[in-house]
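In this chain, numbering begins with 1 at the start of the sequence shown.
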Amino acid sequence: MSSDPSDEELEKLRQEKMEQLQEQGGQQGQGVDEEAMEAQREQREAQKKAMLRKHLTDGARKRLNTVKMSKPEFGEQVEQQVLALAQSGRIQGKIDEEKMKALLKELQPDQQSFDIQRR
């Protein structure tokens, strides 16, 4: 009879060990998925940079980078607009700095002015 409880204990320990190994395997599998997603994101980013390099002059790229540094959300919006124009075939040649200025003015939201009057 004393052998039965030890067998049960051993079986219980084996089950717990198997569960732990399965959990660790699941966590490692998630790491692989994250790595694949990161690789895909980097690939999309590289493609985006190549498209921008192809359709923007150096001056226009510098201006866009300056905008992205000061207003990241607006810079991303401008990049998306340029990529959409390029993919639709509506860009003839390259966008120079003057065209970039016009595009930035067009996409820039209307600014509200606040007049403060002191009494």
[Y] side chain reached by [X] side chain, heavy atoms, under 4.5 Å:
X: Lys105; Y: Met100; answer: no
X: Asn65; Y: Lys62; answer: no
X: Ile95; Y: Thr57; answer: no

Identify whether the distance between the nearest side-chain nitrogen and carboxylate oxygen of Arg14 and Glu9 falls below 4.0 Å.
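A salt bridge is absent here (no side-chain N lies under 4.0 Å from a carboxylate O).
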Taking only residues two or more places apart in sequence, or in another chain, which ones meet Arg41 in a side chain to side chain donor-acceptor pair (under 3.5 Å)?
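Arg41 satisfies side chain to side chain donor-acceptor pair (under 3.5 Å) with Glu38 only.
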Listed partners of Glu98 passing side chain to side chain donor-acceptor pair (under 3.5 Å), at least two apart:
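Glu98 satisfies side chain to side chain donor-acceptor pair (under 3.5 Å) with no other residue.
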Crowding at NZ, Lys49 (>12 non-hydrogen neighbours, <6.0 Å):
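No, the 6.0 Å shell around NZ holds no more than 12 heavy atoms from other groups.
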Pairwise distance [atom1]([X]) to [atom2]([Y]) - rounded to 0.5 angstrom:
X: Arg53; Y: Arg61; atom1: CZ; atom2: CZ; result: 6.5 Å
X: Glu79; Y: Leu56; atom1: CD; atom2: CG; result: 8.5 Å
X: Gln80; Y: Gln87; atom1: CD; atom2: CD; result: 8.5 Å
X: Gln92; Y: His55; atom1: CD; atom2: NE2; result: 11.0 Å
X: Glu76; Y: Leu83; atom1: CD; atom2: CG; result: 9.5 Å
X: Leu104; Y: Gln81; atom1: CG; atom2: CD; result: 11.0 Å

Minimal non-hydrogen separation, Leu107 against Phe74, with atom names
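Reported closest heavy-atom pair: O-CE1, 3.5 Å.
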If you look at every heavy atom in Met51 and Ala86, which pair is closest and at what distance?
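Residues Met51 and Ala86, closest heavy atoms: CE-CB, 4.1 Å.
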Mind jotting down which residue pairs meet the salt bridge (Lys or Arg N to Asp or Glu O under 4.0 Å) criterion with at least one end in residues 81-96? Sequence neighbours excluded, please.
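Passing the test, one end in residues 81-96: no pairs.
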